[in-house]
Amino acid sequence: MKQILLIEDEKNLALFIEMELKHEFFAVTKAFDGRTGLELALAKDWDLILLDIMLPELNGIEVCRRIREVKTTPIIMLTARDSVADRVSGLDSGADDYIPKPFAIEELLARIRSLNRRLDMTVEQERETICHRNITIELDARLVKLRGEVVELTKREFDLLVMLMRNLNIVLSRDVLMERIWGHDSEVETNVVDVYVRYLRNKLDEPGQESMIQTVRGVGYVMR
């Protein structure tokens, strides 16, 4: 049974949410102020935290921020404040989703199911092993093996190799690789992709053999 921590100071609303969640076979623990909620959030591992923003003693934004300093527990924020700035503040503090009050309980349950699906998919991807030719990548361990021998890669090299191997036979432009690996707001030039491809080739290619990472002139790179 999944364990949910509900931090909500409106007691009638909290009782209603608790009742509906228990009907869906969740176990619910309630807290009615931010400080108590934070203590409970850090005291054990929860499957989900439902967190109101407007809380006494410690507001939800601060509670979320402090949780994120030490835990990756999924958090959905609940609040009567629905401005863009409020949504951005909630998400920037580390929340996974945001639902404004008043809300239908069906929508809350749908958000919980959607978040659980995303998290389950992420866990499955992290456990995945990718193989191509004589390269094996163990994603959860961030381990790369070439013909059974471990190859030491930097974080960027690892992420670039994973991206290429997950997109076999698909030409990825330098701009796409830049956005996926370095982020869309990165200030580095796109030629950094060429540099890191060269690093990978030096570590993975066999002397005298065609590189596994092929250059598509004027476009980008592809693994075949």
Side-chain angles (χ1 to χ4, degrees), residues 2-4 41-42 44-49 64 67-76 91-97 111-207 209-216 219-224:
K2 289 186 178 295
Q3 302 285 325
I4 293 180
L42 299 180
K44 63 179 287 187
D45 292 329
W46 303 92
D47 294 296
L48 174 67
I49 296 174
C64 186
I67 293 172
R68 280 291 173 263
E69 289 177 353
V70 293
K71 285 179 174 287
T72 59
T73 310
I75 297 173
I76 296 177
L91 295 172
D92 281 351
S93 67
D96 296 279
D97 202 355
R111 297 287 187 100
I112 293 173
R113 290 192 296 269
S114 176
L115 179 56
N116 283 335
R117 284 195 299 270
R118 295 203 306 270
L119 293 171
D120 290 343
M121 187 179 302
T122 299
V123 169
E124 191 62 33
Q125 288 174 345
E126 288 176 349
R127 291 174 178 167
E128 184 182 353
T129 297
I130 305 175
C131 299
H132 177 59
R133 295 191 183 182
N134 52 17
I135 299 174
T136 301
I137 301 178
E138 298 176 13
L139 291 177
D140 57 343
R142 293 188 69 85
L143 189 66
V144 176
K145 294 181 180 179
L146 178 66
R147 294 184 295 275
E149 298 294 325
V150 174
V151 179
E152 297 293 337
L153 298 183
T154 66
K155 180 183 184 303
R156 300 293 191 194
E157 291 168 352
F158 179 89
D159 292 342
L160 179 57
L161 180 61
V162 169
M163 180 62 59
L164 290 166
M165 286 183 60
R166 277 183 164 163
N167 292 274
L168 292 176
N169 302 313
I170 298 174
V171 179
L172 300 175
S173 70
R174 290 173 177 83
D175 288 336
V176 167
L177 291 170
M178 274 292 301
E179 180 175 345
R180 300 284 181 85
I181 307 303
W182 282 267
H184 68 276
D185 56 351
S186 173
E187 296 181 359
V188 300
E189 300 294 331
T190 55
N191 62 5
V192 74
V193 175
D194 304 328
V195 174
Y196 275 81
V197 167
R198 186 167 68 248
Y199 291 160
L200 284 176
R201 285 171 170 165
N202 290 338
K203 293 182 177 182
L204 300 176
D205 286 350
E206 297 183 38
Q209 299 294 317
E210 182 182 32
S211 176
M212 285 184 284
I213 305 174
Q214 299 178 16
T215 302
V216 179
V219 183
Y221 297 97
V222 61
M223 287 191 77
R224 302 191 191 279

To the nearest 0.5 angstrom, please state how far the [atom1] atom of [X] sits from the [atom2] atom of [Y].
{"X": "I170", "Y": "L164", "atom1": "CD1", "atom2": "CG", "value": "11.0 Å"}
{"X": "T154", "Y": "K203", "atom1": "OG1", "atom2": "NZ", "value": "5.5 Å"}
{"X": "T136", "Y": "M165", "atom1": "OG1", "atom2": "CE", "value": "7.0 Å"}
{"X": "E179", "Y": "D175", "atom1": "CD", "atom2": "CG", "value": "8.5 Å"}

Whether [X] side chain and [Y] backbone form a donor-acceptor pair below 3.5 Å:
{"X": "D47", "Y": "I4", "value": "no"}
{"X": "R201", "Y": "I213", "value": "yes"}
{"X": "R156", "Y": "I181", "value": "yes"}

Going by salt bridge (charged side-chain N to carboxylate O under 4.0 Å, His left out), name the residues that satisfy it together with R113, two or more places apart in sequence or in a different chain.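 Salt bridge (charged side-chain N to carboxylate O under 4.0 Å, His left out) check on R113 returns nothing, list empty.
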Could D96 and R111 be called an ion pair, given the rule that one side-chain N must be under 4.0 Å from one carboxylate O? no
Just do the side chain to side chain contact (heavy atoms under 4.5 Å, CB included) check on E152 and V150 with the steps written out, would you? CA-CA 6 Å; E152 297 293 337; V150 174; 4.1 Å; yes
Taking only residues two or more places apart in sequence or in another chain, which ones pass side chain to side chain contact (heavy atoms under 4.5 Å, CB included) with [X]?
{"X": "R198", "result": "V195, N202"}
{"X": "L168", "result": "H132, M223"}
{"X": "K71", "result": "L42, D45, I67, T73"}
{"X": "N134", "result": "L146, R147, E206, M212"}

Give the minimum heavy-atom separation between [X] and [Y], together with the two atoms involved.
{"X": "E157", "Y": "L200", "answer": "O-CD2, 3.7 Å"}
{"X": "R224", "Y": "N169", "answer": "CA-OD1, 3.4 Å"}
{"X": "I49", "Y": "A41", "answer": "CD1-CB, 3.7 Å"}
{"X": "A95", "Y": "C64", "answer": "N-SG, 3.5 Å"}
{"X": "V193", "Y": "R174", "answer": "CG2-O, 3.9 Å"}

Not counting sequence neighbours, which residues clear ring pair (Phe, Tyr, Trp, His ring centres under 6.0 Å) with Y196? List them please. W182, Y199
Pick from L143, L161, V162: which one makes a side-chain contact (heavy atoms from CB on, under 4.5 Å) with L153? L161
With the side chain counted from C-beta on, respond yes when [X] and [Y] share a heavy-atom pair under 4.5 Å apart, and no when they do not.
{"X": "I112", "Y": "K2", "result": "no"}
{"X": "D140", "Y": "E138", "result": "yes"}
{"X": "L139", "Y": "R166", "result": "yes"}
{"X": "T215", "Y": "Y221", "result": "yes"}
{"X": "V171", "Y": "Q214", "result": "no"}

In this structure, are over 12 heavy atoms from other groups packed under 6.0 Å from E210 atom CD?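 Not more than 12 within 6.0 Å, no.
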I would like to know whether R180 and D159 meet side chain to side chain contact (heavy atoms under 4.5 Å, CB included); could you show each step before the answer? CA-CA 9 Å; R180 300 284 181 85; D159 292 342; over 6 Å; no
